[in-house]
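Indexing begins at 1, ligand by ligand and atom by atom, following the structure's order.
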Amino acid sequence: MTTAICPGSFDPVTNGHLDIITRAAGIFDEVIVAVGNNPDKKTLFTIEERVALLKKVIDDTGLKNVRVDYFEGLQVNYARAQKAQVIVKGLRALSDFEYEFQMALTNKKLAPELETMFMMTEHKYAFLSSSLVKQIVLFGGNPEGLIPPVVFESLQAKMAEVRERV
Ligand code: ADP
């Protein structure tokens, strides 16, 4: 059985992420979407919120071989603990390449038995990122086709909550 990990911040999950997860689910026996908890990284949603949102969205896809989890620390340690063989990453524009290249080589050094595999983004999501979606919703734009409706609702609620605090 081949298990793949799709790691990321997912702050929040977008249709670009979902495309990669769905395609990975068609190739590997099991896919674990692993939400990273990096205390140094400032996120809009808490780790619990990001995991809950992903669970809802994955549930709606009906994909039976995908589960959602979270991890702290190194991706390779998490992958080993889950007995995964592959780390799957999505690649957008050239700007992703340098960072992902560095990460893949570092992970190979730390855990030579693990493979990192890249999937090229679907062209309609090539420009899409969680940050872009947050900007669109913050300034009242319509992110239709970029995020699932349940993510849009959560983003609107979160923005309202943040606005109330300031
Ligand atoms: P990180 O904060 O670790 O970069 P993200 O949540 O932004 O995590 O992304 C997780 C993974 O999903 C990364 O491999 C990233 O390249 C990929 N990804 C993000 N957006 C897209 C997209 N629009 N198309 C394809 N892959 C994407």
Side-chain angles (χ1 to χ4, degrees), residues 3-28 30-58 61 63 65-79 82 84-108 110-111 114-138 141-152 154-155 158:
T3 299
I5 302 236
C6 289
S9 311
F10 303 101
D11 187 42
V13 54
T14 69
N15 288 349
H17 293 127
L18 275 181
D19 174 57
I20 299 292
I21 294 165
T22 306
R23 287 158 61 193
I27 296 170
F28 301 104
E30 182 188 36
V31 172
I32 306 172
V33 182
V35 186
N37 189 21
N38 179 353
D40 291 339
K41 201 163 174 177
K42 182 121 189 56
T43 56
L44 179 64
F45 291 96
T46 65
I47 182 83
E48 292 83 7
E49 289 167 336
R50 285 178 279 144
V51 168
L53 208 46
L54 259 164
K55 280 189 174 162
K56 257 192 233 165
V57 167
I58 297 293
T61 64
L63 292 167
N65 60 338
V66 179
R67 65 183 167 90
V68 181
D69 194 13
Y70 73 94
F71 72 99
E72 285 181 45
L74 294 175
Q75 277 174 18
V76 290
N77 289 348
Y78 176 76
Q82 297 297 316
Q85 294 87 350
V86 183
I87 297 176
V88 173
K89 308 294 304 275
L91 266 191
R92 287 163 293 186
L94 280 182
S95 50
D96 272 347
F97 181 80
E98 204 171 328
Y99 173 73
E100 295 296 354
F101 186 65
Q102 186 184 23
M103 276 291 285
L105 293 189
T106 306
N107 285 344
K108 196 76 195 159
L110 295 172
L114 272 170
E115 288 301 337
T116 302
M117 297 183 78
F118 294 99
M119 277 193 199
M120 207 56 79
T121 182
E122 166 85 38
H123 73 275
K124 64 183 176 207
Y125 303 131
F127 64 93
L128 180 56
S129 67
S130 299
S131 319
L132 184 77
V133 162
K134 283 183 273 196
Q135 292 272 324
I136 294 173
V137 177
L138 179 66
N142 183 358
E144 204 184 324
L146 304 180
I147 46 174
V150 63
V151 176
F152 185 29
S154 299
L155 261 173
K158 179 60 89 177

Using a heavy-atom cut-off of under 4.0 Å, does the side chain or the backbone of I20 touch ligand 1, or both, or neither?
->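 It is the side chain that gets close, since no backbone atom is under 4.0 Å.
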Taking both backbone and side-chain atoms of [X], is any N or O found less than 3.5 Å from an N or O belonging to ligand 1?
X: T121; value: yes
X: Y125; value: yes
X: G8; value: no
X: F10; value: yes

Note, [X] side chain near [Y] side chain (heavy atom, < 4.5 Å):
X: Y78; Y: D69; answer: yes
X: R92; Y: S129; answer: yes
X: Q82; Y: E30; answer: no
X: F118; Y: D96; answer: no
X: F101; Y: T116; answer: no

Please state whether T14 comes within less than 4.0 angstrom of ligand 1, counting heavy atoms only.
->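 Flag not set, T14 not near ligand 1.
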Any K41 heavy atom less than 4.0 Å from ligand 1 |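 For ligand 1, residue contact (heavy atoms, under 4.0 Å) with K41 is present.
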CD on E98 to CD on E100, rounded to 0.5 Å |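 If we round to the nearest 0.5 Å, E100:CD and E98:CD are 11.5 Å apart.
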Check the surroundings of atom NZ in K55: do more than 12 heavy atoms from other residues, nucleotides or ligands lie under 6.0 Å from it?
->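 Result for NZ/K55: open.
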Do other residues, nucleotides or ligands put more than 12 heavy atoms under 6.0 Å from the CZ atom of F152?
->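 Yes - once you tally the heavy atoms of other residues, nucleotides and ligands closer than 6.0 Å, there are more than 12.
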Atom 4 (O) of ligand 1: any protein heavy atom closer than 4.0 Å |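 Under the 4.0 Å cut-off, atom 4 (O) of ligand 1 has no protein heavy-atom neighbours at all.
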Atoms of ligand 1 less than 4.0 Å from L128 heavy atoms?
->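 Taking each heavy atom of L128 in turn, ligand 1 has 20 (N), 22 (C), 23 (N) under 4.0 Å.
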Can you tell me which residue and heavy atom of the protein come closest to [atom], and the distance to 0.1 Å?
atom: atom 11 (C) of ligand 1; answer: P7 O, 3.8 Å
atom: atom 8 (O) of ligand 1; answer: S9 N, 3.2 Å
atom: atom 16 (O) of ligand 1; answer: G90 O, 2.6 Å
atom: atom 21 (C) of ligand 1; answer: R92 CD, 3.6 Å
atom: atom 13 (C) of ligand 1; answer: K89 CE, 3.9 Å
atom: atom 12 (O) of ligand 1; answer: H17 CD2, 3.3 Å

E49 bridged to K158 by N-O distance under 4.0 Å =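 Yes, charged N to carboxylate O under 4.0 Å.
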What is the minimum heavy-atom distance between L128 and N15, and which atoms define it?
->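 Minimum heavy-atom separation between L128 and N15: CD2-N, 4.2 Å.
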